[in-house]
Amino acid sequence: MRVTVERAALLRSLGHVHRVVERRNTIPILANVLLRATGSGLELRATDLDIEVTESVAADVSDAGATTVPAHVIYDIVRKLPEGAQVSLETGGDAGQMTIRSGRSRFSLGALPQDEFPDLAAGELPHGFSLPAGELKRLIDKTQFAISTEETRYYLNGIYLHTIEVDGALKLRAVATDGHRLARVEMEAPEGARGMPGIIVPRKAVAEIQKLVDDGGESVAIELSPAKIRLTFESGVTLISKLIDGTFPDYQRVIPTGNDKRLTVERESFARAVDRVSTISSERGRAVKLAMQEGRLALSVNNPDSGSATEELDVDYDAASLDIGFNARYLLDITGQLEGDTALFRLADPGSPTVIQDREGASALYVLMPMRV
């Protein structure tokens, strides 16, 4: 194999593919990136057996061929080469070596044969549709913070993507929850989404999609089956991921419908106030108390070890007085996702979940469980 490629193009592609490679691997080939030179350019591929990312870059191919080299090492080498450099990749008689040349720099890397490199075959993916990149980014950005990290409830370790009829219109919905908070965002379902199975996209795949969607073009082609999903970006990147094999809980049951107390507050002022009073909260509890009276909200934190803090805000609230506690970090996570100038809280009592939105009927909805304070 002998191929010459522009440093910027190679670095961008290595940046996309090397992230899926785990730093510690018991299977040596999984620490490597597959480089395949063909008449049409250079293809790069990396996998951890759950996710596979492939990208092609334009290259000057003198001799076609393929090999695999350590992904993080080649990424670091190319990253440290000067801007505008041309990079030459060569394998010769010694199949266990690949030489990288650029200017006066020369590196020799240990290589493993491409035959050993696993192929995460997608199989048949019967459902397919396209999404604007901005809409896909919005679905992910506004829900991923609520993904559970508790491995025992593995079915919560991802975003649940499914279609649902709402008032006669088909919606594509993304939901994530960790049992303390729930995020639900929806959009008009794209053509081709009807009949798709409900799928749980795992946390690591979500993180990779989130990074790829930023420079992946204007739309993303999505194909899926109950077991796998493939996303093809206009930039030439393809991501295949296994899906979580589990049943997502009936999240509709935890979204309260009878919360009759309504609090409307200026979003940024509220977030800044929560951030200020939580400065002295304990790391473990992070509890902030919200005391509501007509037209007024008092936020307070009491920490036996470091003191107390209070702050008052003018709000739109005309129901009976109510005191309720929340995890300050969860409040800030949710208010950080709201798009409007205001935040609408629909409350019931100190022990029941609260619904938070920008406004009534907004496409993004959040549910937060209270804390004892």
Side-chain angles (χ1 to χ4, degrees), residues 1-25 27-48 51-114 116-117 133 137 204-205 207-218 220 231-240:
M1 178 180 95
R2 199 155 91 236
V3 58
T4 304
V5 60
E6 197 178 42
R7 174 208 175 252
L10 182 58
L11 181 63
R12 186 173 63 249
S13 292
L14 283 169
H16 292 153
V17 302
H18 93 287
R19 287 192 303 252
V20 306
V21 177
E22 297 289 349
R23 287 276 179 186
R24 293 180 179 175
N25 263 305
I27 306 170
I29 194 74
L30 293 183
N32 284 13
V33 58
L34 171 67
L35 304 170
R36 180 179 284 126
T38 65
S40 56
L42 180 67
E43 181 188 276
L44 299 88
R45 182 182 302 169
T47 184
D48 65 357
I51 303 172
E52 177 185 280
V53 177
T54 307
E55 183 167 6
S56 296
V57 291
D60 181 5
V61 179
S62 305
D63 293 315
T67 190
T68 79
V69 291
H72 293 289
V73 177
I74 187 173
Y75 172 74
D76 282 342
I77 288 170
V78 175
R79 181 173 60 85
K80 292 173 182 178
L81 291 174
E83 284 185 30
Q86 294 291 310
V87 185
S88 168
L89 310 173
E90 294 175 32
T91 57
D94 183 0
Q97 293 284 320
M98 186 185 82
T99 303
I100 304 172
R101 286 190 176 88
S102 181
R104 294 184 177 183
S105 302
R106 182 178 182 278
F107 303 86
S108 188
L109 294 185
L112 291 172
Q114 57 130 346
E116 296 178 22
F117 198 82
K137 180 175 170 55
K204 184 174 177 181
E208 288 309 313
I209 295 166
Q210 198 173 22
K211 292 166 188 163
L212 290 171
V213 79
D214 283 331
D215 52 3
E218 290 184 4
V220 183
L231 294 95
T232 306
F233 298 85
E234 288 181 346
S235 60
V237 183
T238 301
L239 179 143
I240 298 171

Closest approach of V57 to A9 (non-hydrogen atoms, all atoms of both residues)
CG1-O, 3.8 Å
Sequence neighbours excluded, the answer for side-chain contact (heavy atoms from CB on, under 4.5 Å) partners of V73 is P70, I77, L109
Compare every heavy atom of I51 with every heavy atom of T47, then report the nearest pair and how far apart it is.
OG1-O, 2.8 Å
For S88, give me all partners under side-chain hydrogen bond (donor to acceptor under 3.5 Å, both in side chains), at least two apart in sequence or on another chain.
E90
Distance (rounded to the nearest 0.5 Å) between I100 CD1 and I74 CD1
4.0 Å
Once you round to the nearest 0.5 Å, how far does CZ of R23 lie from NE2 of H72?
4.5 Å
Rounded to the nearest 0.5 Å, what's the gap from CD1 on I209 to CG on L231? Could you check?
4.5 Å
I need the full list of ring-ring contact (aromatic ring centres under 6.0 Å, His included) pairs touching residues 90-112, with sequence neighbours left out, sorted by first then second residue.
none
Quick note, salt bridge (Lys or Arg N to Asp or Glu O under 4.0 Å) partners involving residues 12-22, not counting sequence neighbours, are R19-E208, E22-K204
For T67, give me all partners under side-chain hydrogen bond (donor to acceptor under 3.5 Å, both in side chains), at least two apart in sequence or on another chain.
none
Distance-only donor-acceptor pairs under 3.5 Å for side chains of residues 28-36, two or more places apart:
unit_1	atom_1	unit_2	atom_2	d
N32	ND2	T68	O	3.4
N32	ND2	T68	OG1	2.9
R36	NH1	E43	OE2	3.3
R36	NH2	Q114	OE1	3.2

Salt bridge (Lys or Arg N to Asp or Glu O under 4.0 Å) contacts in which one or both residues fall within residues 70-84, not counting sequence neighbours
D76-R79
Under a 4.5 Å cut-off applied to non-hydrogen side-chain atoms, are T54 and I240 in contact?
no
Residues two or more places apart in sequence or in another chain: which of them pass ring pair (Phe, Tyr, Trp, His ring centres under 6.0 Å) with Y75?
H18
Nearest 0.5 angstrom please: T99 OG1 to M1 CE, how far?
10.0 Å
Could I get the full list of side-chain hydrogen bond (donor to acceptor under 3.5 Å, both in side chains) partners for Q86, not counting sequence neighbours?
none
Per the salt bridge (Lys or Arg N to Asp or Glu O under 4.0 Å) rule, what does the pair list look like for residues 58-67, sequence neighbours excluded?
R2-D63
Passing option when L42 is tested against V61, T4, L89 for side chain to side chain contact (heavy atoms under 4.5 Å, CB included)
L89
Over all atoms of both residues, closest heavy-atom pair of R7 and P82:
CD-O, 3.1 Å
Listed by chain and number, what are the side-chain contact (heavy atoms from CB on, under 4.5 Å) partners of A64, not counting sequence neighbours?
none
Report the C-alpha distance between D214 and K137 in whole Å, list the side-chain angles of each, state the deciding distance to 0.1 Å, and finish with yes or no for side-chain contact (heavy atoms from CB on, under 4.5 Å).
CA-CA 8 Å; D214 283 331; K137 180 175 170 55; 3.2 Å; yes
Determine whether V17 and R45 make a side-chain contact, defined as any pair of heavy atoms from C-beta on separated by less than 4.5 Å.
no
Output all residues satisfying side-chain hydrogen bond (donor to acceptor under 3.5 Å, both in side chains) with S108, sequence neighbours left out; order by chain, then residue number.
Q97
